[in-house]
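Per chain, numbering begins at 1; letters A, B, ... match sequence-line order. Since the model is a prediction, treat every value here as computed from it, not as a measurement.
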Amino acid sequence: MRNITDVEDKIIARATERGVSIRDLTEGTAKIYQEDALALGNLPPTLEPRVTDTMPEIVAMIAKLVANNHAYVAEGHVLFDVASDADYGKLSRRALDEMISGARVEVAPYKKSPMDFVLWKPSHATMIGWDSPWGRGRPGWHIECSAMGEKHLGETFDIHAGGIDLIFPHHENEIAQSEGAHHGRPIANYWMHNGFLQVEGEKMSKSLGNFITIRELLAEKVFGGQQWHGKVMRLAMLGTHYRQPTDWTVERLLQTRATLMDWARLLHGTPATDDPHDEFLAALSDDLNTPAALAVLHGLFATARSNAADRARLKRTLNFLGVYNDEKDADFIVGQTIDAAAVEALIAKRIAARKAKDFKEADRLRAELTTMGVAIEDGPSGTTWKVMS
RNA sequence: GGCCACGUGGCGGAGUGGUUACGCAGAGGUCUGCAAAACCUCGUACCCCGGUUCAAUUCCGGGCGUGGCCUCCA
């Protein structure tokens, strides 16, 4: 399940400004997100709930929190009472008094504690809003995720994932809300937080001018002067454990692409087994240790050349990982076409030159092919060529 | 300022209280007209300083560095 938070003050402001509905405004961005995720080989989620479809449940959950004395109404707002939650801060390992003494918290006059956060806030008559027992308004950030989780997955679900930057306050507040509404029963059994991405050693930001989207990487030559295949990006990301920070570099993508092309040369057109490799699955089962899992695959690749069973197993496992589906090596080089007929003609000329022992001419022809991005290999069964990675 | 995470060989990147993954690059060899591919061989690294221990990269304390969070404000 993947939540879409489509009610948020910036979205409301923009929809109002343009005179369109929230749905019309957010449909486009949601679609882009879905397409990008798909291009990276992520399976679509079973459920993709939206805040706009969850309003009754949000209101009901807030009412439950008020009834359980975890929330109070003040000046048209409903606020979560952090003092009512002895465990508050357990996920981010922060103590309440430390946060307050951190002195950056805004003290609103109607808050009992500066750390109390908004569950519901009032909307102007002209502003987008929904009816509630506390007046017309809209939900604060955090409550929507608690409500969508409860609605579709029940009080407790197994794994909650998200970026490391969301641990505080978002996930911390989700826990406070859901557990406050469910008499302390946990919202999730496990939390998985992924580390941050950097670009060429710097954080990605618009002001640094290195902000780059998946869409651009796929379709435009903005990173390293080329386009990048979704599966190359996927494998590149899998090379780092999810909790670690990752530096996104051209060098990394080039190296990953070369690896994937090596695999493709061996596996294209060969059969696959039914099940992925056991040791590979064992590595993934250990906190999703993808780098260790990839090490297993490298070992398999080493033996796969001379072992058809290993080849079939490797192919199935790569497919399971979502990085290979019988592509040819050149498929992983996007936006570059090579004139196969011209290549074949040059190779024929070179073969003739070699026969005539004109090695100078043969080497010149090889250099010409290299310039075209083509590498040739003289094997026992003739000369073959491949796109250089 | 407070809190959290991370700091591994040329690069990428796992992991572990002692026998030192894995990939790339690099070196040597077989092979080749030359190459490439393939195959074989080669890397004793773990930010700094203390401490615990027979033994620390791995545990504890301190420091430095990098990154994140610490604002829902109608």
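The NE2-P distance, from A/His171 to B/G68, rounds to 17 Å in whole Å. Here the C1' atom of nucleotide B/C24 and the CE atom of A/Met261 are 15 Å apart, to the nearest Å. The separation between A/Glu202 atom CD and B/G68 atom P is 11 Å, rounded to whole Å. The nearest whole Å value for the distance from the CG atom in A/Asn210 to the P atom in B/G67 is 12 Å. Atom pair A/Gln198:CD and B/G65:P shows a separation of 16 Å (rounding to whole Å applied). In this structure, the NE2 atom of A/His170 is 17 Å from the C1' atom of B/G68, given to the nearest Å. Here B/C24 presents its P atom at 15 Å from CG of A/Leu254, a figure rounded to the nearest Å. Straight-line distance from the CH2 atom of A/Trp263 to the P atom of B/G23: 11 Å, rounded to whole Å.
Residues from residues 129-140 of chain A that place a heavy atom under 4.0 Å from any atom of RNA chain B, listed by number: A/Arg138.
Taking the six-membered ring where tryptophan is involved, the planes of A/His193 and A/His171 are tilted, since the angle between them lies from 30° to 60°. Ring orientation note: the planes of A/His70 and A/Phe80 are close to parallel, at an angle under 30° on the 30°/60° scale. Using cut-offs of 30° and 60° on the angle between ring planes, the pair A/Trp134 and A/Trp120 is tilted.
Within 4.0 Å of A/Lys121, counting heavy atoms only, lies at least one base atom of the nucleic acid. Among the heavy atoms of the strands lying under 4.0 Å from A/His298 are primed sugar atoms or P, OP1, OP2 only; no base atom is included.
Taking A/Arg257 as the reference, A/Gln226 meet the side-chain hydrogen bond (donor to acceptor under 3.5 Å, both in side chains) condition, with sequence neighbours excluded. Taking the ring pair (Phe, Tyr, Trp, His ring centres under 6.0 Å) definition, one finds that A/Tyr110 meets it with A/His77, sequence neighbours left out. The ring pair (Phe, Tyr, Trp, His ring centres under 6.0 Å) test applied to A/Phe332 returns A/His229, not counting sequence neighbours.
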What string of B, S and - do you get for nucleotides 31-38 of chain B 5' to 3' if you count protein non-hydrogen atoms under 4.0 Å? --BBBBSS
Across nucleotides 4-17 of chain B, 5' to 3', mark each nucleotide with B, S or - according to how protein heavy atoms within less than 4.0 Å reach it. -SS-----SSSS--
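Checked against A/Ser146 for a side chain to side chain donor-acceptor pair (under 3.5 Å), the options A/Glu57, A/Lys151, A/Gln177, A/Glu174 give a single hit: A/Gln177.
For B/A5, the paired nucleotide is B/U66, the pair qualifying as Watson-Crick or G-U wobble because both relevant distances are below 3.5 Å. B/A14 is unpaired under the Watson-Crick or G-U wobble criterion, no partner having all donor-acceptor distances under 3.5 Å. Pair check for B/C39 finds B/G29; Watson-Crick or G-U wobble, both atom distances under 3.5 Å. Base pairing of B/G50 is made with B/C60, judged by Watson-Crick or G-U wobble geometry with both donor-acceptor distances under 3.5 Å.
In this structure, the nucleotide among B/C72, B/G67, B/C69 sitting nearest to the side chain of A/Val118 is B/C72.
Residue whose closest nucleotide on RNA chain B sits further toward the 5' end, between A/Ala302 and A/Ser123: A/Ala302. Mapped onto RNA chain B by nearest heavy atom, A/Trp141 and A/Leu166 fall at different nucleotides, with A/Leu166 at the one closer to the 5' end.
Looking at A/Asp326 and A/Lys315, a side-chain N of the basic residue comes within less than 4.0 Å of a carboxylate O on the acidic one, giving a salt bridge.
Geometrically, A/Arg316 does not engage A/Tyr324 in a cation-pi contact, judged by NZ or CZ lying under 6.0 Å from the ring centre and within 45° of the ring axis. For the pair A/Lys203 and A/Phe196, the cation does not sit on the ring face, since its NZ or CZ is not both under 6.0 Å from the ring centre and inside 45° of the axis.
A distance-only check finds a donor-acceptor pair linking the side chain of A/Asp6 to the backbone of A/Val51 [under 3.5 Å]. Remark: side-chain polar atoms of A/Asn289 are not paired, donor with acceptor, to backbone N or O of A/Asp286 under 3.5 angstrom.
Taking atom C1' on both B/G67 and B/A27, the two are 37 Å apart, rounded to the nearest angstrom.
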